[in-house]
Structures are given as C-alpha cells and as structure tokens.
Amino acid sequence: MSTTDTPGLVPERPKLTVIGTGYLGATHAVAMASLGYDVLGVDVDQKKIDLLTSGEVPFFEPGLPELLKKVLATGKLRFTTSFDEAAEFGDVHFICVGTPQLHGSQAANLEYVESAFTELAKRITTPALLVGKSTVPVGTATRLTEMLLEASPNPELLQLAWNPEFLREGYAVQDTLRPDRLVFGVESEWAEQMLRAAFAPILEVGTPLVVADLKTAELVKVAANSFLATKISYINAMAEVCEVTGADVNLLASALSYDDRIGGRFLKPGLGFGGGCLPKDIRAFAFRAEELGVGQAVAFLHEVDAINNRRRMRTVDLVRELAGGDLRGKRIACLGAAFKPNSDDIRDAPALDVADMLRAESADVVVYDPEAMENAKRVYPQLTYADTFSQCIKGADVVVLLTEWDQFRSADPEMMGELVVGKSIVDGRHALDADAYRAAGWVYRALGRPADPKTVRLSEDAKDQVTV
Ligand code: UGA
C-alpha cells in the first residue's frame with residue numbers, strides 16, 4: 001500500500017459498511033443511511049444484528065429507534081454478521097468497534113480493532129478505504145497499516161484513514177448528523193476524496209473540516225476527552241477547597257463561567273465523570289504517553305482521575321453524615337444508576353459505585369433509574385432495586401441524587417417529603433433547587449457547598465450558566 005497510489009475511482013455516493021454496532025456504530029450506520037447512503041451494518045453478535053434488523057435498538061438512545069425504523073423502510077440500511085458480505089459491499093468501511101480498558105491494566109484493548117481491520121483486509125478484492133473511528137492510542141493506525149499489508153491478498157487496493165468521532169451518548173443522533181467538526185486523518189489525496197464523498201451532505205452545510213495526518217487524527221480524540229475530563233476535575237478540585245473553607249463551588253463555577261475563555265460548559269461540579277469513554281481514555285492516554293517516553297507531559301491525568309474518584313468517596317461521606325454518622329441499617333434511596341441522564345449505559349457509572357460503597361457500609365440501599373435498571377441488575381446483582389421512583393424513596397432515611405434525570409429534577413419536594421422517613425437529601429449532581437427543598441423542610445447538601453443556606457446566593461439568570 002503506497003501513500004500516493006490511487007486505489008480506484010471515487011464514487012459520488014460510496015457504499016458504506018459500519019463494523020461494530022454499539023452506541024457509535026449503530027448510530028453512525030443509521031445516520032448515514034438517513035443521509036441517503038447505502039449502508040451495511042456488521043457485528044459478530046447475532047442477537048444485536050437480529051434486533052437491529054427488526055427495527056429495535058439494543059440500547060437506550062433518544063431518537064435513534066424512530067430513525068432506524070424510518071431508514072429500514074427505505075431499504076438503504078441492512079445488517080449482517082458476514083465479513084464476506086461486508087468486504088464485497090463496501091467502498092468505505094467504518095470500523096466502530098470498542099476499545100475497552102484492558103483487564104488488569106490502564107492500556108486500551110485493541111484486539112477488536114485489529115480483528116475488524118484484518119478480517120476485512122483478508123477479503124477485499126475491489127478498491128476500498130478502511131476508516132478507523134474507534135478511540136485508539138496514537139500510533140495504532142500506522143501499526144494497523146502494516147497488519148493490513150500482511151493480511152491482504154490485494155494490498156494495492158486498500159488504504160487506511162482515521163476519522164475520530166465526538167458524539168455524546170444521549171445526543172448521538174444530532175451529534176452524528178450535525179457534528180461540530182469533522183477530522184480526516186489521511187495519507188493520500190484519494191483517501192481524502194473518498195472521505196469527502198462519504199460525508200458530502202455534512203460538509204455541504206458548512207461543517208468545519210480538519211484534514212490531518214493519521215497520528216494527529218488519533219490524538220485529537222484522546223486530547224479532546226482528556227481536556228473535558230480535566231475541566232470537570234478542575235471544578236471538582238475547587239469543590240474540595242470550598243468544602244474546607246466554607247466557600248460555595250456553585251457560585252464559584254458561575255462566576256468563572258462568565259469569562260468566555262473559561263466558559264460554563266463541562267464546568268458542572270458534583271459526582272464527576274464516568275461512562276465508557278472519559279475514564280478509560282485518560283488512563284489509556286497516560287499509559288501510551290509513558291510508553292512513548294513522555295509520561296510527564298500528561299502525568300496530570302493521573303490527578304484528574306484521582307480527583308474524580310475522590311468525589312465518589314466524598315458523596316458517601318456526606319450521606320453518612322446526614323444519616324447520623326453511621327450507615328448501618330439506614331435506608332438510603334439512590335436516585336440514578338446510569339453514568340449520565342438520557343443513557344442506559346452503566347460503564348464506570350459513579351452512581352452505582354457510590355450505591356455499592358454505601359452497601360459495603362451495611363446501609364439498606366435501594367436503587368432506581370428510569371432506563372438503566374436492566375444493565376445495573378446484571379452487573380450489580382448485589383444491590384436492591386425499586387420498580388418506581390416512589391417505591392425507591394419510600395421509608396428512606398437519606399435520599400441521594402446520583403444521576404440527574406429530568407424525572408428526579410422535576411420531582412416535588414413536598415410530595416417526596418411525605419414518602420420518606422428522614423427529609424435529608426444529598427444532591428450529587430448540583431441539579432436540584434436547594435431553596436425549594438429547604439422550604440419544604442429538607443436538609444439539603446451538595447458537594448462543595450456550605451451546609452448553611454444563608455451563605456448561598458445565585459441570581460436567577462446565573463442558574464443556567466454552568467452546564468454539562
Ligand atoms: C464523551 C465526550 O463528551 C464525547 O465528545 C466523546 O465523543 C465521547 O465521550 C466518546 O469518547 O465517545 P459521553 O461519554 O457520552 O461523551 O459523556 P459526557 O457527556 O462527556 O459525560 C461524561 C461524564 O461527565 C458523565 O458522567 C457526566 O455526568 C459527567 N460530567 C459532564 C460532569 O460531571 N460535569 C460536567 O460538567 C459534564
């Protein structure tokens with residue numbers, strides 16, 4: 001495979017395959033088909049493929065089931081488990097498989113990425129571009145290029161590109177159809193033109209495009225997620241300082257956010273970040289930097305991780321404090337299990353970590369989440385679950401908000417007060433109206449905010465200034 005060769009003509013509307021149908025791949029496949037491309041979704045998991053083929057999304061993502069049904073009806077989207085079919089079908093193959101944290105290590109597990117690339121390469125007999133979208137350590141694309149060369153019987157027909165993805169769960173459809181930028185990591189004019197053709201409708205509406213080399217494209221993704229994680233841990237570090245000084249991190253964040261250079265997005269203090277991306281990405285980045293001999297450059301990411309984990313312990317401390325200093329036998333209602341609202345994803349979920357720490361101190365813990373119950377029960381069978389919000393808080397000594405679903409944010413403190421035994425609430429996400437709770441007779445506490453309500457002042461217009 002040469003970097004200047006032209007493997008073939010650039011079709012006006014290339015046929016696309018999407019390998020891996022998790023949050024990223026399923027959304028990408030559906031979104032591209034909705035833009036008029038012929039798309040084949042591929043996964044090794046027959047159950048997932050059957051569900052998607054029948055119009056069902058195997059995870060919770062607002063708007064995706066409706067769009068899936070719509071595009072299936074157009075015939076533009078099909079699903080298969082066959083790599084033979086994929087290799088024959090696609091001009092551009094998007095590899096969207098997971099790169100989870102390796103068991104017992106901070107590094108990323110690349111076995112699924114390697115297998116997807118090489119399984120395709122073995123079978124491709126017409127000009128094709130293989131595009132990585134998975135989050136990988138910098139240098140992976142170069143290594144994969146060598147693997148492709150070895151695996152393919154027709155290496156002159158293949159090229160590799162990298163196209164990092166920045167979608168957020170809960171907003172996956174809109175982030176895919178209207179991304180804030182596209183990044184193409186390419187090594188040839190042909191690869192760039194193929195990607196331009198594959199994203200034509202998105203580029204036509206003026207979406208900013210950065211065309212880069214492979215290594216920069218790989219780095220953009222981990223650099224972006226590291227920045228976001230650092231911003232969250234920064235404000236949570238300030239919360240720690242607020243806690244010992246009696247200052248209020250909510251007011252602090254609000255005042256900082258008016259400086260355009262800082263901004264209010266991702267400055268929301270609280271329980272911190274979780275999910276399948278931010279935590280494992282910062283760890284894999286630090287690990288990779290050490291391998292490259294520049295560990296010091298991102299050593300701060302270890303601190304970002306440590307600050308984030310301390311928030312979970314501090315939340316347990318606050319609940320214990322409100323429970324009178326001892327959690328044994330105390331009924332604690334845990335609101336939320338997903339790592340964030342509008343998702344059923346519980347990977348590295350701060351909510352479940354806290355619930356399990358409370359259980360470990362012999363509290364009588366009950367968990368409720370509007371969408372993530374099935375996943376939570378599977379991974380945390382040791383916890384007790386309520387079927388409804390009301391059942392969860394009924395008889396509680398302390399309520400703790402762990403995931404800021406709208407259902408919890410909009411709940412009436414008066415109504416809640418009638419169900420609980422102790423009107424004590426820890427707002428782990430700074431998402432509730434403290435005044436309303438206090439007016440209804442609750443003891444309201446949040447990380448980084450003083451217990452004394454007299455010191456809390458936030459004007460109405462400042463309340464929406466800091467957001468996730
Ligand atoms: C994250 C990035 O935001 C996406 O840009 C990226 O594409 C994605 O990872 C990925 O790598 O695939 P996501 O994992 O869906 O997206 O979740 P975020 O919205 O980033 O939230 C991450 C965590 O941070 C959540 O637990 C959330 O509760 C927490 N958070 C977020 C805060 O604690 N404070 C904030 O101000 C913002």
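First listed ligand is number 1; within each ligand, the first listed atom is number 1.
- Nearest protein neighbour of atom 19 (O) of ligand 1, counting heavy atoms only, is K340 NZ, 2.9 Å.
- Not less than 6.0 angstrom separates the ring centroid of Y368 from the ring centroid of Y385.
- Close approach of ligand 1 to R429 (heavy-atom distance below 4.0 Å) involves ligand atoms 28 (O), 33 (O).
- Using a 4.0 Å cutoff on heavy atoms, R265 does not count as a contact of ligand 1.
- In terms of protein heavy atoms, atom 15 (O) of ligand 1 is closest to E169 N, 2.8 Å.
- Salt bridge present: R445 and E321 bring a charged side-chain N and a carboxylate O closer than 4.0 Å.
- Remark: minimum distance from atom 26 (O) of ligand 1 to any protein heavy atom is reached at F339 O, 2.8 Å.
- In this structure, F184 has its ring center closer than 6.0 angstrom to the ring center of F199.
- For the pair L278 and ligand 1, the shortest N or O to N or O distance does not fall below 3.5 Å.
- Backbone and side-chain nitrogen or oxygen atoms of T135 are examined, and none is located within less than 3.5 angstrom of a nitrogen or oxygen of ligand 1.
- Given atom 34 (N) of ligand 1, the protein heavy atom at minimum distance is K268 O, 3.1 Å.
- Taking the six-membered ring for Trp and the full ring otherwise, the centers of Y171 and Y23 sit at least 6.0 Å from each other.
- Closest to atom 16 (O) of ligand 1, if we only count protein heavy atoms, is R168 CA, 4.0 Å.
- Every heavy atom of G270 sits 4.0 Å or more from the atoms of ligand 1.
- When each atom of ligand 1 is checked for a heavy atom of L228 under 4.0 Å away, the hits are 3 (O).
- In terms of protein heavy-atom proximity, atom 6 (C) of ligand 1 is nearest to L167 O, 3.3 Å.
- Cation-pi geometry between R347 and F339 is not met: the NZ or CZ atom fails to fall both under 6.0 Å from the ring centre and inside 45° of the normal.
- Among all non-hydrogen protein atoms, the one lying nearest atom 30 (N) of ligand 1 is I232 CD1, 3.4 Å.
- In this structure, L52 CG and L72 CG are separated by 8.0 Å, a value rounded to the nearest 0.5 Å.
- The protein heavy atom nearest to atom 2 (C) of ligand 1 is N225 OD1, 3.6 Å.
- Shown in contact with E165 at under 4.0 Å from a heavy atom are these atoms of ligand 1, numbered in order with element: 7 (O).
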